[in-house]
Each structure stands twice: as structure tokens, then as C-alpha cells.
Amino acid sequence: MRRPPERMRISVTEDGPYLVSGGVPLVRVEIITNGEGESIGWRQTGAVEASDRYRLCRCGHSAEKPFCDMTHVLEGFDGTETAGHESYAEQSMPIEGPGVQLHDARRLCAEARFCDRAGGLWNLIERCDDPDARVLAEEQATLCPSGRYVLADESKGIHEPDLEPSIALIEDPHLGVSGPLWVRGGIRIVDADGVDYETRNRVTLCRCGSSANKPFCDGSHITAGFRDPSVDEA
Ligand code: FES
């Protein structure tokens with residue numbers, strides 16, 4: 001994992017936005033799908049101009065998305081953080097395959113669906129004595145934005161993608177919804193009481209306001225039909 005500049009930080013505020021400081025780059029990305037509608041990769045579609053400090057909407061109702069316009073006050077947004085502070089190691093369970101170990105923290109799933117191809121990642125793991133299956137398993141685990149999956153290989157150790165410290169606004173064109181904030185490259189995240197969450201290479205933060213695992217995304221933006229119209233103006 002990269003070490004981002006010390007000053008980069010995301011602070012969750014009580015029933016309010018994410019306060020981002022330290023000049024964290026803000027970009028737009030979308031999920032690439034194949035002809036079958038399966039998620040196969042990422043495409044960066046633009047950058048959003050942002051100052052050294054900015055506030056990102058967390059309730060899903062701002063008219064100035066992705067930024068906060070204080071609508072959370074009018075909406076009476078309940079942003080209670082329900083995720084807890086367990087580490088990834090505490091939240092995840094291991095799945096053994098030939099020469100590999102997959103770790104899965106289901107609670108962190110952002111429903112980006114990279115793990116669905118070729119019968120699904122859990123099944124691929126069991127077939128990792130086949131080099132093609134192993135390559136696909138590595139790809140699926142590392143494309144996962146939320147860090148739900150971490151793949152460890154007996155010979156090469158833990159597979160983690162090299163991610164530039166930044167926040168990416170996820171779009172999911174196949175489902176016609178906007179997704180979470182993809183926090184990349186080990187940026188520090190602090191709760192509303194000033195307590196750190198575990199710093200990880202990749203996590204997804206809810207920006208639709210509907211997650212039951214706040215501040216992290218739990219995929220509820222799909223059933224909520226969340227849309228960020230600013231993507232159409234970009
Ligand atoms: S953005 Fe995914 S649950 Fe809110």
C-alpha cells in the first residue's frame with residue numbers, strides 16, 4: 001500500500017458530510033462491463049476540480065453533488081456510524097484453494113460485481129491449480145473497490161493493486177446508478193468522534209445515505225436507485 005501524504009484525511013461529520021482535507025484528488029470512474037453485463041474493469045472518465053479542503057455529500061440529497069450544500073440539515077439526515085471499528089482481519093473469513101487463500105469480508109460489499117464472472121470468485125478459488133483460473137481470481141479480487149476481497153498467494157504473498165491516493169466517484173452505467181466514494185491508496189478515515197478506522201488501500205464510503213453499514217457502502221445505492229446528476233454535466 002502506498003503511503004499518502006500525512007495531511008490527507010477524510011473526517012466523517014455527525015449527521016453531515018465527509019470533510020476531506022490535504023488536497024486529495026477527486027476523479028470520476030465507471031465500471032466497464034462486457035456483452036453479458038459482467039463487470040470487467042474500470043475506466044476513469046474525468047477529474048473534478050476541488051480545493052485543498054472540501055466537503056462531500058453523505059446524505060445523497062445535495063443539489064451540488066458531489067459536494068455538500070447543507071441539505072442534510074433540512075432532510076434531518078441520520079448519519080449514525082454503524083460499521084464499528086473491527087479490522088479487516090477481524091471481519092473477514094478465509095477460503096482455502098490450491099496455493100491461495102481468499103479473505104472475504106461480506107459486510108463490506110459495494111455490489112460492484114467483479115466477483116461474479118466464470119462461476120464466481122469463490123468457485124474460482126477452488127480451481128486455482130489451473131493457471132487461468134488463478135489469474136482470473138487475482139483479477140477479480142483486486143478489481144473489487146471496497147476491499148471486501150483480499151487474495152493471498154503462497155508464492156507471491158498478498159495481491160493488492162497499486163492505487164494513487166485519491167477519491168473516485170463511482171458510476172455504474174450498466175445498472176444506471178451512481179455508486180459510492182472509492183477511497184484509494186491508504187487515505188486515513190476518521191469517525192465523527194475522531195477515532196480512526198483501519199487505514200486500507202481500498203474502501204468504499206456511502207454517499208447515497210442509505211447504507212446500513214455507515215460510513216461504508218453496503219450496496220444499498222442500487223435498490224435506492226441513487227443518481228448523481230453532476231456526472232451528466234461533467
Ligand atoms: S453509496 Fe452504496 S450504499 Fe450508499
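Worth knowing before you read on, the calculation uses all heavy atoms, side chains too, and leaves out hydrogens, waters and symmetry mates. Only a predicted model underlies this, so the values are computations on that prediction, with no experimental measurement involved. Every number for a ligand or one of its atoms is a count from 1 in the order of the listing.
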What residues, two or more places apart in sequence or in another chain, satisfy salt bridge (Lys or Arg N to Asp or Glu O under 4.0 Å) together with Asp104? Arg148
Centroid separation Tyr149 to Trp122 less than 6.0 Å: no
Distance flag, aromatic centroids of Phe77 and His61, threshold under 6.0 Å: no
So does Ser211 get a backbone contact from the side chain of Lys214, meaning a donor-acceptor N/O pair under 3.5 Å? yes
List the steps and the verdict of side chain to side chain donor-acceptor pair (under 3.5 Å) for Arg28 and Ser178. CA-CA 11 Å; Arg28 297 184 189 277; Ser178 302; over 6 Å; no
Side-chain donor-acceptor pair present, Tyr197, Glu81, cut-off under 3.5 Å: yes
Listing protein N, O or S under 2.8 Å around atom 2 (Fe) of ligand 1 gives Cys217 SG, His221 ND1
